[in-house]
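Following: one structure in structure tokens, then a few remarks.
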There are 2 protein chains.
Amino acid sequence: MALMNSETNPKRPFSDVIERLRSVGLRPTRQRLALAKLLFEGVDRHITAEKLHIEAQEASIRVSLATVYNTLHQFTDVGLLREIAVDSSRSYFDTNNSDHHHFFFEESGDLADIEDDQIDVARLPEPPAGTHIERVDVVIRVIEDK
Amino acid sequence: MALMNSETNPKRPFSDVIERLRSVGLRPTRQRLALAKLLFEGVDRHITAEKLHIEAQEASIRVSLATVYNTLHQFTDVGLLREIAVDSSRSYFDTNNSDHHHFFFEESGDLADIEDDQIDVARLPEPPAGTHIERVDVVIRVIEDK
DNA sequence: GTGTTTGCAAAGTGTTTGCAATTTA
DNA sequence: TAAATTGCAAACACTTTGCAAACAC
């Protein structure tokens with residue numbers, strides 16, 4: 001069965017995903033394992049709950065949309081994912097949680113990473129009294145040439 | 001009547017608001033005038049449709065929520081407002097459409113301006129082929145010290 | 001066995017839309 | 001009076017929730 005094939009990506013065998021979930025205090029259930037495999041195997045990605053749900057169904061993984069939402073939030077809470085705000089109508093989740101920024105394609109709604117060393121954000125202002133900086137997000141909004 | 005008092009802010013008398021709307025091709029209706037006054041008189045602000053609707057009601061301005069949404073989008077289309085994406089569950093509109101960035105207070109959902117000269121965003125990466133940069137948004141997310 | 005997780009359907013929230021009535025030019 | 005605008009209620013898209021059944025340890 002597809003679910004038991006842990007050798008697709010030799011860098012992250014099945015047992016690693018189990019360990020990864022365990023280490024953040026999440027039980028490695030069938031649904032969480034399958035979603036983690038979709039999310040973390042292969043290249044970094046930017047995805048919405050709806051899209052991940054469709055991908056799961058295409059991969060014959062039975063999981064409800066509610067569980068996809070719950071799982072995305074749980075993964076975000078424990079730092080496996082990062083939520084990105086670019087579009088007020090949808091939540092995007094990013095499997096790359098290193099320091100980086102984004103191109104946002106207004107027309108398609110797609111995102112692309114900008115590695116941290118490709119941009120300089122310098123001379124940050126002091127955060128308002130009583131607060132501290134949690135994160136700095138740079139979004140470069142691009143549109144297609146006409 | 002409150003609506004006819006154009007002298008609250010001497011810098012933008014009533015007739016200016018009318019002209020401002022006309023010049024962007026929007027008929028100066030009662031609703032648009034009243035919302036424009038709430039939005040553009042006084043200091044720059046960051047507001048959601050829901051909040052503006054409540055403000056309007058508090059000011060005894062009869063306007064439906066649908067019209068508030070329509071008006072905010074029309075004002076955005078003609079460049080009187082800018083939409084800011086910081087929270088995937090709500091749309092924020094900014095009456096300051098000069099070049100600037102934002103602090104976002106995660107807990108309260110409030111926004112504060114960061115003037116353009118208070119931050120350096122340098123060495124922007126090339127936009128992907130076939131696209132051009134429409135805007136660069138920097139959001140500094142802050143949380144309260146514990 | 002005990003506590004956790006899941007799926008479902010229902011409810012919730014923010015937003016948009018269709019259309020008749022009203023207003024503007 | 002012709003065209004634009006409004007308000008209402010219904011529809012919508014996305015997301016969360018309550019709770020019984022299924023599962024993990």
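Letters A, B, ... mirror the listed sequences (proteins, then strands); counts begin at 1.
The stretch residues 73-84 of chain B touches DNA chain C through B:His73, each having a heavy atom within less than 4.0 Å of the strand.
Atom-to-atom, CG of A:Leu65 to C1' of C:dG7 comes out at 11 Å; the value is rounded to the nearest Å. Following rounding to the nearest Å, B:Ile61 (CD1) and D:dG7 (C1') show an atom-to-atom distance of 16 Å. The distance from atom CZ of B:Arg62 to atom P of D:dT5 is 19 Å, rounded to the nearest whole Å. Atoms NZ (A:Lys51) and P (D:dT15) sit 11 Å apart, rounded to a whole Å. Per the geometry, CG belonging to A:Leu72 stands 9 Å off P belonging to D:dT15, to the nearest Å. Regarding A:Leu21, its CG atom lies at a distance of 10 Å from the P atom of D:dC25, rounded to whole Å. Across the protein-nucleic acid pair, A:Phe93 atom CZ and D:dT15 atom P stand 7 Å apart, rounded to whole Å. Summarising the geometry, the separation between CG on A:Asn70 and C1' on D:dT15 is reported as 10 Å, rounded to the nearest angstrom.
A:Val24 and A:Leu35 fall within a single hydrophobic cluster, where Ile, Leu, Val, Met, Phe, Trp and Tyr side chains are chained together by heavy-atom contacts under 4.5 Å.
Residues that satisfy the side-chain contact (heavy atoms from CB on, under 4.5 Å) test with B:Gln31, not counting sequence neighbours, are B:Thr29, B:Val63, B:Thr67. With sequence neighbours excluded, the residues forming a side chain to side chain donor-acceptor pair (under 3.5 Å) with A:Arg123 are B:Asp120, listed by chain and number.
Among residue pairs with one or both ends in residues 112-146 of chain B, none qualify as ring-ring contact (aromatic ring centres under 6.0 Å, His included); sequence neighbours excluded. Judged as a ring-ring contact (aromatic ring centres under 6.0 Å, His included), the pairs with a partner in residues 55-74 of chain B (not counting sequence neighbours) are, in order, B:His73-B:Phe93. The side-chain hydrogen bond (donor to acceptor under 3.5 Å, both in side chains) pairs that include a residue from residues 49-58 of chain A are A:Arg45-A:Glu55, where partners are two or more places apart or lie in different chains.
For the pair B:Arg32 (side chain) and B:Arg27 (backbone), a donor-acceptor distance under 3.5 Å is present.
When hydrophobic side chains of Ile, Leu, Val, Met, Phe, Trp and Tyr are connected at separations under 4.5 Å, A:Val43 ends up as a singleton with no cluster partners. B:Val142 belongs to a hydrophobic cluster whose other members, connected by ILVMFWY side-chain contacts under 4.5 Å either directly or through intermediates, are A:Phe103, A:Phe105, A:Ile114, A:Ile119, A:Val121, A:Leu124, A:Ile133, A:Val136, A:Val138, A:Ile140, A:Val142, B:Phe103, B:Phe105, B:Ile114, B:Ile119, B:Val121, B:Leu124, B:Ile133, B:Val136, B:Val138, B:Ile140. In the hydrophobic clustering, where aliphatic and aromatic side chains (Ile, Leu, Val, Met, Phe, Trp, Tyr) are joined below 4.5 Å either directly or transitively, B:Phe104 groups with B:Ile84, B:Val86, B:Tyr92, B:Leu111, B:Val139.
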Produce the list of close N/O pairs, under 3.5 Å, pairing protein atoms with atoms of nucleotides 19-24 of chain C; give distances to one decimal.
unit_1: C:dT24; atom_1: O2; unit_2: B:Arg27; atom_2: NH1; d: 3.1

Between N or O atoms, less than 3.5 Å apart, protein on one side and nucleotides 8-14 of chain D on the other: list the pairs.
unit_1: D:dC14; atom_1: OP1; unit_2: A:Arg90; atom_2: NH1; d: 2.9

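Taking the six-membered ring for Trp and thresholds of 30 and 60 degrees, B:His46 and B:His102 have ring planes more than 60 degrees apart, a perpendicular arrangement.
Here the OG1-CG distance, from A:Thr95 to A:Leu39, works out to 7.0 Å after rounding to the nearest 0.5 Å.
Comparing the helix axis at one end of the helix from C:dG1-D:dC25 to C:dA25-D:dT1 with that at the other, each defined from 5 consecutive pairs, gives an inter-axis angle of 30° (nearest 10°).
More than 12 heavy-atom neighbours from other residues, nucleotides or ligands sit within 6.0 angstrom of CZ on B:Arg135.
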